[in-house]
Every structure is written in C-alpha cells, then in structure tokens.
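Following: one structure in structure tokens, then a few remarks.
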Amino acid sequence: MSTNYVFAGSDLIERQLRCISETFDEATARTLGKTGIGPGWRCLEVGAGNGSVAGAMAAMSGPRGHVMATDIDIGHLRAADGVQVRRHDIVQDPLPEGHYDLIHARLLLMHLPQRRAVVERLTRALRPGGWLVTEDYDLSGRLSLLAAPYREASGLVAKAWNGLRTVLSEAGVDLAWGGQARHAFTEAGLTDVCAEAIGFSGGPGSPGRELVPIAIEQLGPRLISAGLLTADELGSCLAALRAPHAIVFTPPYVVTLGCRKGG
C-alpha cells in the first residue's frame with residue numbers, strides 16, 4: 001500500500017463517506033457537467049469511496065459509456081449500473097495511457113505524498129481533449145465556529161482544529177494542497193486550467209454539519225495520545241460542534257479542472 005490513509009480502519013468511515021456524498025455530490029455533478037460529459041464517455045473515478053460520484057458519471061455517460069471506479073479499499077464501494085469496480089493503487093498499479101475522457105478524484109490527492117507524480121500519471125491517462133477534475137480542501141486556515149453554545153467553545157474548537165491539522169500533517173497530508181493543485185495541473189501540461197474555492201456551512205439541517213466533528217472524533221485517540229487534547233476536551237469539543245444551533249464554516253473546498261490538449 002502506497003499510503004497510510006489517516007482515517008483508514010475507523011468504524012465511522014461509512015458515516016463519513018455518506019456525509020461527504022450528501023455534502024458535495026451536487027456541487028461535484030455541476031463541475032462534471034462543465035467538462036461536457038455525455039453519452040459514450042470513458043470515465044475513471046480514483047479513490048471512489050462509496051461510489052456516489054462514479055454512479056453520477058454512469059448516469060451522465062449513458063449505456064454507451066464506461067465508468068471505472070477504483071480504490072485501495074473497495075469494501076465501501078456500492079457499484080451502480082454501468083460502473084465497474086476495481087481495487088487499484090493509483091501510485092503503483094498500471095494505468096492505461098490516452099484512454100479516458102474524464103478522470104475525477106475527490107479528497108484524495110491531499111493525502112498522497114506522491115500527489116504531483118499522480119497528477120502527471122492521471123494526465124497521461126487522458127485522451128487528447130480529456131479532462132482531469134480534482135477536489136481537495138485547503139486546510140491552511142482557521143475553522144470558524146459561529147453561534148457557539150458557550151463562551152469557551154470557540155477556543156476549544158480552535159484547539160481541536162489545530163490538533164487535527166497537526167495529526168494530518170504528520171501523516172503526510174498536504175494541508176494547502178487544494179490551493180496548489182492548479183499549479184500542479186499546469187506543470188503536468190494540462191491547459192484551460194481553472195480552480196474554484198467553495199465554502200460550505202455546517203449549520204442546523206445541513207448535510208455538512210457532521211464533516212468536522214466526524215473527522216475530529218475519528219482522530220480523537222491520536223489527539224489524546226499526542227497530548228493535543230484531553231479526553232474531556234475532546235468530548236466537550238464534539239458536543240459544542242454538534243450543539244443544536246452551532247454553525248461551522250468549513251475551510252475552502254477547491255475544485256480544479258484541466259484539459260489535455262494535443263492530437
């Protein structure tokens with residue numbers, strides 16, 4: 001295995017993947033539409049998670065299309081009609097060159113130490129005129145908690161957030177990758193490169209409400225063992241984030257697109 005995914009093995013992973021899908025799938029579908037995806041397209045979803053994006057690709061490319069959904073751990077993948085599932089390590093395993101009309105990866109590259117080399121591999125796997133689309137956070141900034149349930153809650157959440165960023169960084173996550181992907185696309189030779197930062201609010205009734213607390217809860221044992229939080233602080237932080245009227249503004253979620261030109 002080419003990477004130790006920091007959330008691997010958590011008993012909350014299914015819940016996390018569902019929350020990611022509920023929060024981002026609508027925006028992802030709009031982005032995929034910008035590539036012109038249509039009947040007959042050959043698509044690759046890398047790090048497919050629960051397969052929700054691959055299912056959307058299959059619906060967009062129709063019965064004449066072909067969608068491959070890959071992941072190192074395919075245990076959470078639910079294959080929709082028209083989707084082929086394969087266990088695949090994007091860093092090490094072979095990938096056909098000049099084959100795909102569209103390749104998409106969500107919340108993957110920031111976790112890979114070899115992320116720039118992977119962008120180059122994915123670029124080579126595109127046919128001329130094909131599109132690469134990636135989505136990753138830029139975690140270099142602060143987390144904003146509005147409508148905190150009590151005075152100390154904001155400081156406690158900030159402490160947990162800084163601890164979370166420390167654990168992620170030590171695990172090899174590039175906290176600023178979302179903002180750097182555009183440059184990597186250009187270096188790989190992609191053209192028509194553009195990037196858009198999207199802000200999501202996790203308030204009452206929002207599907208994104210659980211994104212931050214789930215991540216903190218999953219990494220809670222590491223935060224405690226590293227002395228970044230006490231067990232009491234972890235519990236209080238999660239309660240504050242999940243308070244009925246708490247609102248969390250997540251860090252920028254950056255969508256990057258680029259096209260492979262050439263004949």
Side-chain angles (χ1 to χ4, degrees), residues 1-10 13-14 16-18 20-21 24-25 28-29 31-32 35 37 40-62 64-137 171-174 177-178 181 184-185 188-190 255-260:
M1 184 177 293
S2 62
T3 182
N4 293 319
Y5 180 53
V6 69
F7 296 111
S10 167
I13 190 68
E14 289 276 1
Q16 183 187 45
L17 291 173
R18 183 173 64 253
I20 289 171
S21 294
F24 299 124
D25 276 3
T28 296
T31 299
L32 297 180
T35 68
I37 181 174
W41 275 40
R42 293 168 292 182
C43 306
L44 173 65
E45 171 72 357
V46 185
N50 62 10
S52 66
V53 176
M57 285 177 163
M60 293 176 177
S61 58
R64 292 191 293 110
H66 179 265
V67 179
M68 176 72 70
T70 70
D71 210 318
I72 287 180
D73 178 5
I74 61 173
H76 307 289
L77 260 169
R78 307 291 181 264
D81 291 342
V83 177
Q84 182 179 355
V85 173
R86 177 179 297 170
R87 186 190 182 281
H88 184 269
D89 183 339
I90 192 58
V91 175
Q92 298 180 351
D93 294 339
L95 193 66
E97 297 194 4
H99 182 74
Y100 293 102
D101 299 289
L102 173 61
I103 299 176
H104 176 266
R106 181 165 69 185
L107 298 176
L108 172 70
L109 294 180
M110 61 188 294
H111 292 276
L112 300 178
Q114 311 90 340
R115 54 190 69 84
R116 290 184 180 273
V118 169
V119 169
E120 293 175 358
R121 289 196 74 203
L122 296 177
T123 298
R124 292 194 298 271
L126 291 170
R127 66 163 181 80
W131 287 87
L132 176 61
V133 180
T134 66
E135 303 175 68
D136 282 288
Y137 279 121
V173 175
D174 186 340
W177 175 251
F185 275 39
L190 293 168
V255 179
T256 308
L257 299 84
C259 181
R260 180 177 181 181

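Here the structure is a predicted model, which means the values were calculated and not measured.
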key: R87 (side chain) donor-acceptor with D73 (main chain) under 3.5 angstrom   = no

request  = Could you tell me the separation between the OG atom of S52 and the CZ atom of R78, rounded to the nearest 0.5 Å?
outcome  = 12.0 Å

ask   = What is the minimum heavy-atom distance between A188 and V119, and which atoms define it?
value = CB-CG1, 3.9 Å

message = Within the 4.5 Å heavy-atom criterion, are I37 and C43 side-chain neighbours or not?
response = yes

task = Please report the shortest heavy-atom distance between V67 and S61, naming the atom on each side.
result = CG2-OG, 3.8 Å

ask   = Does the side chain of R106 come under 3.5 Å of the side chain of T134 through a donor N or O and an acceptor N or O?
value = no

key: W177 CH2 to L108 CG distance, which is reported to the nearest 0.5 Å   = 10.5 Å

Atom pair CG/CG of D25 and N50 - distance to nearest 0.5 Å = 7.5 Å

query = Can you check side chain to side chain donor-acceptor pair (under 3.5 Å) on T28 and E135, steps first, answer last?
reply = CA-CA 8 Å; T28 296; E135 303 175 68; 2.9 Å; yes

inquiry  = Is it the case that the side chain of R86 and the backbone of T70 share a donor-acceptor pair, with hydrogens and angles ignored and the cut-off at 3.5 Å?
reply    = no

message = With side-chain contact (heavy atoms from CB on, under 4.5 Å) as the criterion, how do I90 and L122 come out once you've worked through the C-alpha distance, each side chain's angles and the decisive distance to 0.1 Å?
response = CA-CA 9 Å; I90 192 58; L122 296 177; 3.7 Å; yes

side-chain contact (heavy atoms from CB on, under 4.5 Å) between V53 and L32, intermediate numbers included = CA-CA 10 Å; V53 176; L32 297 180; 4.1 Å; yes

ask   = For the atom pair CG (D89) and CG (L95), what is the distance rounded to the nearest 0.5 Å?
value = 11.0 Å

message = Could you tell me if the side chain of L102 sits less than 4.5 Å from the side chain of L44, heavy atoms only?
response = no

inquiry  = Using side-chain heavy atoms (C-beta onward) and a distance below 4.5 Å, is D174 in contact with L109?
reply    = no

remark   = Taken to the nearest 0.5 Å, the spacing of Y100 OH from T123 OG1 works out to 14.5 Å

task = Examine distances only and state if a side-chain atom of H88 and a backbone atom of G47 form a donor-acceptor pair shorter than 3.5 Å.
result = no

task = Measure across D81 and A58 and return the closest heavy-atom pair with its distance rounded to 0.1 Å.
result = O-CB, 3.5 Å

Smallest separation among heavy atoms of T35 and W41, with atom names = O-CH2, 3.2 Å

note = Heavy-atom nearest pair, Q92 first then R121, reads N-NH1, 4.0 Å

request  = State, yes or no, whether a side-chain contact exists between L257 and L132 at a heavy-atom distance under 4.5 Å.
outcome  = no

ask   = Is the shortest side-chain N to carboxylate O distance from E120 to R115 below 4.0 Å?
value = no

key: Side-chain heavy-atom pair H104, V46 within 4.5 angstrom cut-off   = no

inquiry  = Restricting to non-hydrogen atoms, name the atom on A184 and the atom on R116 that form the minimum distance, rounded to 0.1 Å.
reply    = CB-NH1, 3.5 Å

task = Evaluate the side-chain proximity of L126 to H99: yes if any heavy-atom separation is below 4.5 Å, no if none is.
result = no

task = Test side-chain contact (heavy atoms from CB on, under 4.5 Å) on E45 and M68 and set out the steps.
result = CA-CA 6 Å; E45 171 72 357; M68 176 72 70; over 6 Å; no

key: Contact check, side chains of L190 and W131, non-hydrogen atoms, under 4.5 Å   = no

